[in-house]
2 protein chains.
Amino acid sequence: MQQYSRDNMAELLRSHDINPTHQRIEIAYALFSRQQHLSADQIMAIVNDRHSETSKATVYNTLNLFLEKKLIREVIVDPNKVFYDPNTQLHHHFYNVTSGELTDIDAEGVTICGLPQLPEGVITEGVDIIVRIRPGATAQAQEQLA
Amino acid sequence: MQQYSRDNMAELLRSHDINPTHQRIEIAYALFSRQQHLSADQIMAIVNDRHSETSKATVYNTLNLFLEKKLIREVIVDPNKVFYDPNTQLHHHFYNVTSGELTDIDAEGVTICGLPQLPEGVITEGVDIIVRIRPGATAQAQEQLA
DNA sequence: ACTCTGAATTAGACAGAGTCCAGATTTTGG
DNA sequence: CCAAAATCTGGACTCTGTCTAATTCAGAGT
């Protein structure tokens with residue numbers, strides 16, 4: 001997609017069946033303009049940068065609404081907080097356990113072989129690969145995978 | 001390993017450089033005797049089943065100590081709580097998002113291909129695959145993986 | 001423009017997981 | 001058996017996230 005403006009956001013929201021309100025546009029803009037993984041409190045800080053205008057409840061309501069409408073995705077890697085990811089394409093993550101930094105891994109070209117059959121009566125919601133990394137000497141990711 | 005008794009636990013702890021105290025043995029026993037994924041509050045409930053003897057602080061201290069000494073492993077799949085896993089062998093998980101149930105996937109035979117090179121100056125801590133599932137009609141796990 | 005109505009937002013109370021602290025208790029080495 | 005070190009404890013606290021009841025907003029119809 002091109003540039004992200006607040007106007008695009010309104011369209012984006014509408015196209016996902018979400019009523020575009022001021023607060024929702026601001027929150028969507030915070031996530032989509034910087035293509036980053038943000039936590040709820042980071043989003044609240046961004047949105048209320050100068051004059052506080054959006055309440056905690058609205059931030060959470062809105063993020064959960066976005067999730068439900070599949071506008072964004074949640075990434076669960078840190079026990080303390082959820083990250084919200086504006087990228088809903090299939091992709092995976094590097095998670096730097098020291099810094100808390102989260103980086104995308106394009107799913108293009110990544111394959112998993114040898115997963116067992118799913119249990120009966122159950123469907124896949126998604127498959128996440130999380131490569132936990134930390135600062136240190138040389139290494140190859142491949143080593144870990146028998 | 002054979003049967004899990006409280007006596008084995010003491011040895012196990014010592015072998016991991018952990019001073020075996022009553023509370024630590026009980027907590028280790030709770031995890032290892034049933035080979036299950038338990039949350040901190042489940043562990044506390046088990047350990048304090050009859051007469052409350054172990055405080056919340058001790059449960060958390062102990063679990064964090066076990067983690068640090070690599071006696072157990074944590075599984076982060078649910079935003080609300082951490083699961084502690086007595087199985088430190090390399091393996092992955094099915095996570096039933098509806099029931100909260102967590103099931104092991106043996107890593108034997110599972111391969112990931114096409115992961116990009118690690119960023120510079122960084123080493124792998126571990127690679128987790130989480131297959132999120134929920135009740136529903138037929139499905140193949142493989143479909144998700146381009 | 002005005003009103004009515006349902007949707008959205010708000011502040012603040014609340015809940016649950018996990019941490020911290022200072023004092024009490026247990027364990028250990030001598 | 002004693003002192004020092006390690007561990008455990010209750011309770012206060014923090015943080016993320018949810019709930020609720022009251023208020024505000026937006027827009028459709030007149």
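A, B, ... follow the sequence lines: proteins, then strands. Residue 1 opens every chain.
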Chemist: Side chain of A:Asn19 only, please: which of D:dA6, D:dG17, C:dA8 is the nearest?
Modeler: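 Ranking D:dA6, D:dG17, C:dA8 by closest atom to the A:Asn19 side chain puts C:dA8 first.
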Chemist: Strictly below 4.0 Å: does B:Asn80 bring a side-chain N or O up to OP1 or OP2 of D:dT16?
Modeler: no
Chemist: Look at A:Thr58 and C:dT9 and indicate whether a side-chain polar atom (N or O) is within less than 4.0 Å of OP1 or OP2.
Modeler: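 Result: no.
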Chemist: Using a heavy-atom cut-off of under 4.0 Å over every strand shown, decide if B:Ser39 touches base, sugar-phosphate, or nothing.
Modeler: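 Contact class for B:Ser39: none.
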Chemist: Report the nucleotide, chosen from D:dT9, C:dT9, D:dG17, that has the shortest atom-to-atom distance to any side-chain atom of B:Thr54.
Modeler: D:dT9
Chemist: B:Asn64 near the nucleic acid: base, sugar-phosphate alone, or nothing, with a heavy-atom cut-off under 4.0 Å?
Modeler: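 Touches sugar-phosphate only.
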Chemist: Do the rings of B:His37 and B:His93 sit parallel, tilted or perpendicular, given the 30° and 60° boundaries?
Modeler: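 It falls in the perpendicular class, over 60°.
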Chemist: For A:Glu26 and C:dA8, give me the distance from atom CD to atom C1', rounded to whole Å.
Modeler: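 Rounded to whole Å, this separation is 16 Å.
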Chemist: Where the side chain of A:Tyr60 is concerned, which of C:dT19, D:dT9, D:dT18 is the nearest nucleotide?
Modeler: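 Given the options C:dT19, D:dT9, D:dT18, the side chain of A:Tyr60 is closest to D:dT18.
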Chemist: For C:dT9, does either OP1 or OP2 sit under 4.0 Å from a side-chain N or O belonging to A:His22?
Modeler: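 Checking C:dT9 against A:His22, no side-chain N or O comes under 4.0 Å of OP1 or OP2.
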Chemist: For B:Phe83 versus B:Ser39, what's the shortest heavy-atom pair and its separation?
Modeler: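 Heavy-atom minimum between the residues: CD2-N, 3.9 Å.
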Chemist: With respect to the side chain of A:Ala57, which nucleotide from C:dG18, C:dT28, C:dG12 is positioned closest?
Modeler: C:dG12
Chemist: Considering only side-chain heavy atoms of B:Asp41, which listed nucleotide, C:dA17, C:dT10, D:dT7, is closest?
Modeler: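 So the nucleotide nearest the side chain must be C:dA17.
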Chemist: Is B:Thr21 touching bases, backbone alone, or none of the nucleic acid, heavy atoms closer than 4.0 Å?
Modeler: sugar-phosphate
